[in-house]
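This structure is a prediction, so every number in the text was calculated from the model and none was measured. Just so it is clear: chains get the letters A, B, ... in the order the sequence lines come, proteins before strands, and each one is counted from 1.
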Amino acid sequence: MIKSETSKFGKPLYILYPGDYFATDGDCILGTITGSCLVICFYEFRKKIGGMGHFIVPGAIGTGGIVNDDIAGSGIASIEHLIGELVKLGGDRRFLRVKVFGAGYNSGNDSNMTIAHSNIRFIHEYFAIEKIRIDRSDLGGDFRRRIYFSLKDNTVYRQVLKNNEENSEFIRLEQEYIDIQFRNKRKTGRIILFE
Amino acid sequence: MNKYIMVIDDSPTIRISVEFALKDLGYKIQHAENGMDALEKVKALVNRKEDIALCICDINMPEMDGIDFIKKFREIDRFTPVIVLTTESDDERILEGKEAGASGWIIKPFQPADLIKVVKRFLR
Ligand SMILES: [Mg+2]
C-alpha cells in the first residue's frame, strides 16, 4: 500500500495493492484496481469507520459450502484480517455494511471463469452467514475495475477499465499475488504451542 | 454428563467451520461471539456441573477480546487448555496470550486436519 497526502480528492489517498487490507477512522480515500480479485469496502455505521480489502479465493469451492471447504478458508481469513483491524478501531461486525467489486474474468478462458464464479458464490455465502448486508454488488464481467472508496460518506466510485496497457504494472502485481495464493491454497498459518 | 468445547469467535463463519472440523471428536460445542458472552456461557456450564474440555478462542472481538477472556477464564479455571485461533500474528500479542494462560496459538487460515491435531494433543 502507498499513501499520498495530496491527491485530486483533496484528502489523503491510500492505494491498496493486490492482497492488501486497510482499516481507518480517518477522512480519506482508499483506491485500488482489480481484475479477477475481489475488492470489499466495509463501512461500520455506528463508529463511522471503514476499510478495504483486496484478495482472491484461490480455487473452486466444493458443493459442501464455504464452512466445509479448505480453499474457502483462505478467503475467510482474508476478510477476517480486515474485520480484525476494524475491531481494533472499536468496530463491531454487527454494524457493518459492505460493497463488493471485482471477480472479473477473461471470457475466452474457462478455468478463469470458473474461478470468478466461485469467488462470486463465496461472497454471497459468506455475507449471508455473517448477516452483513451487501449494499452494492458489482461482480463478474469481462473487464477490470478501478475503485475509489470515500470513507467519510461511504461512497464508492467505480470505473470500468478498457485499456489494459495503462495499468500494466497493477495487472502484473495482481497476477503475481494470484499465483502465490494458488500455490498456497490449502494452508494453515503458523502454529505455536506454549509448553 | 457432556463434555464441551467452547468455540469463541465473533465470526459465525469461523465458529461453524470450527464446529464442522471437530464434529467427529464426540464433544458438544458451545458457541460464544465475544469474550463477555463466553464468560457468561462458561459460568452457566460450571453452574450446571458440565465439564469444559477445551476452549478455542479468537483474539480480535468486540466487547471483550480474547486476551481479556483468557485472563478472566484463568481466574475460574487454571488448567483447561485454551487454544487461540486468530489472524493476529503480532509477536507482542502472542506473548500476551502466553502470559494470560493460553496453551497454543494458531494463525488463520486453518486446515481442519491441523486444527484436530492440535486439539487432540491438548485433550486429556
Ligand atoms: Mg475476530
When rounded to the nearest 0.5 angstrom, what distance separates [atom1] in [X] from [atom2] in [Y]?
X	Y	atom1	atom2	result
Ile66(A)	Ser17(B)	CD1	OG	7.0 Å
Asp91(B)	Ile192(A)	CG	CD1	7.5 Å
Met61(B)	Ile83(A)	CE	CD1	14.0 Å
Lys108(B)	Ile76(A)	NZ	CD1	9.5 Å
Ile14(B)	Glu130(A)	CD1	CD	8.0 Å

Within one Ile-Leu-Val-Met-Phe-Trp-Tyr cluster: [X] and [Y], side-chain cutoff 4.5 Å:
X	Y	value
Ile61(A)	Ile178(A)	yes
Val18(B)	Val42(B)	no
Ile16(B)	Val7(B)	yes
Tyr126(A)	Ile71(A)	yes

- Query: Relative to chain B, which segment of Val67(A) carries a heavy atom at a distance below 4.5 Å: side chain, backbone, both, or neither?
  - Reply: both
- Note on the structure: The interface call for Arg186(A) against chain B, heavy-atom contacts under 4.5 Å, is both
Under 4.5 Å from any heavy atom of chain A, what part of [X] do you find: side chain, backbone, both or neither?
X	value
Arg15(B)	neither
Ser11(B)	both
Glu19(B)	neither

- Query: Would Glu80(A) and Thr87(B) count as having a side-chain donor-acceptor pair, cut-off 3.5 Å?
  - Reply: no
4.5 Å side-chain heavy-atom contact, [X] and [Y]:
X	Y	value
His81(A)	Asn60(B)	no
Ile191(A)	Phe110(B)	no
Phe194(A)	Ile94(B)	yes

- Note on the structure: Scanning both residues in full, the closest heavy-atom pair of Gly73(A) with Pro109(B) reads O-CB, 3.6 Å
- Message: Tell me whether Glu88(B) is salt-bridged to Lys88(A), with the criterion being a basic N under 4.0 Å from an acidic carboxylate O.
- Response: yes
Assess whether atom [atom1] of [X] is packed by more than 12 heavy atoms of other residues, nucleotides or ligands within 6.0 Å.
X	atom1	value
Lys98(B)	NZ	no
Arg121(B)	CZ	no
Lys72(B)	NZ	no

- Query: Counting N and O atoms only, with roles assigned by atom type, does the side chain of Thr188(A) sit under 3.5 Å from a partner on the main chain of Asp114(B), one being a donor and the other an acceptor?
  - Reply: no
- Criterion side-chain contact (heavy atoms from CB on, under 4.5 Å) on Leu193(A) and Trp105(B), from CA distance to verdict: CA-CA 6 Å; Leu193(A) 301 177; Trp105(B) 191 287; over 6 Å; no
- Message: Quick check on the interface: out of Leu85(B), Asp10(B), Asp65(B), Ile106(B), who has the most heavy-atom pairs with chain A under 4.5 Å?
- Response: Asp10(B)
